[in-house]
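Report on the following structure.
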Amino acid sequence: MRNIPWMFRLKLIIMAILVYCFVFFGVAMAAGLSVLLEVPYSLGRKQTTVAPGETTRAIFSIENISPKPRQIPVTITLPQGIAVTGQSEHWQVGVSFGSQMLSRRIELPGGYGQWFDLLTLQLDEKMATGNLRITIKAGEKEQEVALTVAPHARGVRHSQRPVFESIVLPLDKEGKRDEKLNGNALVLRDRSLDYFKNVLRGKGASNQEIEAIHPVTHMGLDFSNPAGQQKLVMVEAELLDRNTRQRVPGLYTPGSNSDNDGAGAMAAQQERLTAFVALTGEIRQRLHLPIYADETLLMEGNYWLRVMVEDGEAQIWSREIPITVIKKNSRALMTLGIALALLLIFLLVILKRLPIVLAGMKTRRLITIALFGTCAFAVVNVPSTLLNDFFHIFMGPFGFLITGMFSGIMLYMLTGALITLIPLHGVISLMAAIRLLLGMVAFGHMSPIVLISYGVNAFLLEITLALSGITSARMQDATPAGLTIRRMVMLALACALADTAATYVTMQGMSVLYRFYYADWYIYMVMAVNGFFYTMIGASCGLLLGSRLADVGSD
């Protein structure tokens, strides 16, 4: 080595470095490519073999680890008896010696650029069992993937398709049946007080639409799959009107990213719920899906729930079940709570002042109050109780238009007449107590909602009549008042406002105590007709009746 010239030594060193660099970068380029072909691709449940005639899945992925972008030619060679089906627009399909060949060119960016695709493979019915080899070549890499074909179970054909059997709801997030709710019930949350709840919790100005994106319940889709097929399916659920069978907006698919969510994820797809799920090959399987519904858009009532399942091929399943949509109404609970608190205060005041009121009244006045209470029971409670079911048969929920004439016009005609004769505090409460006692004895009308209805009605009437100056606490002011237009208007408005508020409290109390849910428009109509209009007529006629009675009698 000492006799070798230094120039020749330098050339050898440079050549060695170049050879090392070529080898190193060549290995690095080859090592910078990761190729994977998994077949059969298991959708949740591990599957190691396939059977003749079965449809299976294969997932192909390739990753460029090197820092430079690359264009990589890819070729997948399938053995005879296996063919690609479904959508394969990314691939060029050719045939060579009876085998299908899939080819395409993939452009991957540098630094872990990745590309993948899900392939659907169909095995021939007459395919022989054994181990098959699928060859994949990507760039400089070539490898073989083993696929084992085994006979199917006795008595089961792998061409036998899954069956969509039933829809089960409501379920909790663990998939267990919610025993607190009736079957096929969809309970919505009342969002009308969300802003005030956020203020009380110190959350400030929050995006209420984002907070509302949560499942209201879950449903289960039961499938029987005797052939153990594995496939991806798309589920679409929508609501239909019970009568017209037209699609009803309300169900929605949440946005998949912050851009969609911030722009109103519920507004983008408010007509149906869409989800992709997998049949894992179990003999019996329940697909567990959350249900998203817009509480501000979906109204209470009866609907059809239609669920359609599509496997991307020729199979489409469809089932419908009747469901009932119920809305939790926090306003009803708050209204009932306030009414009970005021009623308790009213009862305490009544118990304290009742002996004073009774001691200051003449016997003749007490007899008059008892007669009016008995008459109100005879012309209001009895007809309403006996005819309520009869009119309900022909008019349904609008039967109150007839029965309301008794509870509105007749009742307040007697109430107005009694107040005209005896304009004192406590008179309305005594008359209501007599009606209540007679109803309990005659018809057994004893329930929380009856006590609330009578009590709130009497309390509000006492308040409005006292504020309007029609009734007084002084015995010397108990002389019958004259008939004037101003007094008629004041009496009619006082009674109408009190009865309208009492009607609202009663209907909200029924929704809380007995789960009788009414649409808002129906509540407002009952308040307007039965609570205000009929009461105005009855109170006005009551003042006329009371004035006529005052002319034929005196204290």
Side-chain angles (χ1 to χ4, degrees), residues 38-51 53-61 82-91 116-123 152-153 156-171 173-175 184 186 215 217-240 247 251-256 268-269 271-293 304-321 323:
E38 182 181 348
V39 58
Y41 176 62
S42 301
L43 301 175
R45 187 174 67 94
K46 188 63 177 178
Q47 183 180 6
T48 57
T49 63
V50 292
E54 184 177 355
T55 300
T56 187
R57 299 295 189 280
I59 187 168
F60 162 74
S61 66
I82 300 180
V84 63
T85 61
Q87 298 179 354
S88 57
E89 65 274 9
H90 298 298
W91 298 86
F116 66 92
D117 195 6
L118 186 66
L119 304 174
T120 303
L121 305 179
Q122 176 69 46
L123 276 68
H152 53 71
V156 177
R157 298 183 58 188
H158 278 279
S159 59
Q160 185 174 350
R161 294 180 175 179
V163 178
F164 182 16
E165 293 184 338
S166 60
I167 306 171
V168 182
L169 65 86
L171 305 176
K173 60 182 180 180
E174 276 81 27
N184 298 350
L186 189 63
T217 187
H218 295 76
M219 68 175 173
L221 309 180
D222 289 339
F223 276 82
S224 65
N225 190 6
Q229 292 189 18
Q230 290 191 343
K231 56 176 62 183
L232 286 173
V233 296
M234 184 178 68
V235 179
E236 290 185 347
E238 59 186 7
L239 291 178
L240 305 177
R247 184 186 302 163
L251 299 185
Y252 69 92
T253 304
S256 58
Q269 181 61 274
E271 294 188 351
R272 60 165 61 93
L273 172 67
T274 305
F276 287 94
V277 291
L279 296 178
T280 60
E282 301 177 27
I283 302 302
R284 303 194 67 85
Q285 181 183 356
R286 172 171 289 180
L287 302 180
H288 186 222
L289 296 175
I291 296 180
Y292 294 87
W304 289 101
L305 174 63
R306 175 191 291 171
V307 177
M308 294 175 290
V309 183
E310 184 177 356
D311 64 354
E313 299 173 5
Q315 185 75 9
I316 298 178
W317 301 273
S318 179
R319 278 196 171 274
E320 296 179 3
I321 61 169
I323 68 168

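Quick note: numbers below take in every heavy atom, side chains included, and nothing from hydrogens, waters or symmetry partners. Residue numbers run from 1 in the order of the sequence given.
Side-chain atoms of W91 never come within 3.5 Å of backbone atoms of L119 as a donor-acceptor pair (strictly under, hydrogens ignored). With hydrogens and angles ignored, the 3.5 Å screen pairs a side-chain donor or acceptor of T253 with a backbone N or O of T274. Counting only distance, with no hydrogens or angles, the side chain of E236 and the backbone of E310 share no donor-acceptor pair below 3.5 Å.
Looking at P215 and I291, their side chains never come closer than 4.5 Å, going by heavy atoms from C-beta outward. Taking 4.5 Å as the limit, some side-chain heavy atom of F164 sits within range of a side-chain heavy atom of L221. Between R272 and R306 the shortest side-chain heavy-atom distance does not fall below 4.5 Å. Looking at V233 and F276, their side chains never come closer than 4.5 Å, going by heavy atoms from C-beta outward. Looking at heavy atoms from C-beta onward, L289 lies in side-chain contact with M219 at the 4.5 angstrom threshold. In this structure, L240 and E320 have side chains that are in contact, with non-hydrogen atoms separated by less than 4.5 Å.
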Between I323 and L239, is a side chain to side chain contact (heavy atoms under 4.5 Å, CB included) present by the stated rule, with each step listed? CA-CA 9 Å; I323 68 168; L239 291 178; 3.4 Å; yes

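Residues V307 and A237 approach most closely at CG2-CB, 4.2 Å, considering heavy atoms. Annotation for N225 and P162: closest pair OD1-CG, 3.5 Å, computed over non-hydrogen atoms.
The distance from atom CG of N184 to atom CD1 of I321, rounded to the nearest 0.5 Å, is 4.0 Å.
In summary, R284 and E165 engage in a salt bridge, as defined by a charged side-chain N under 4.0 Å from a carboxylate O.
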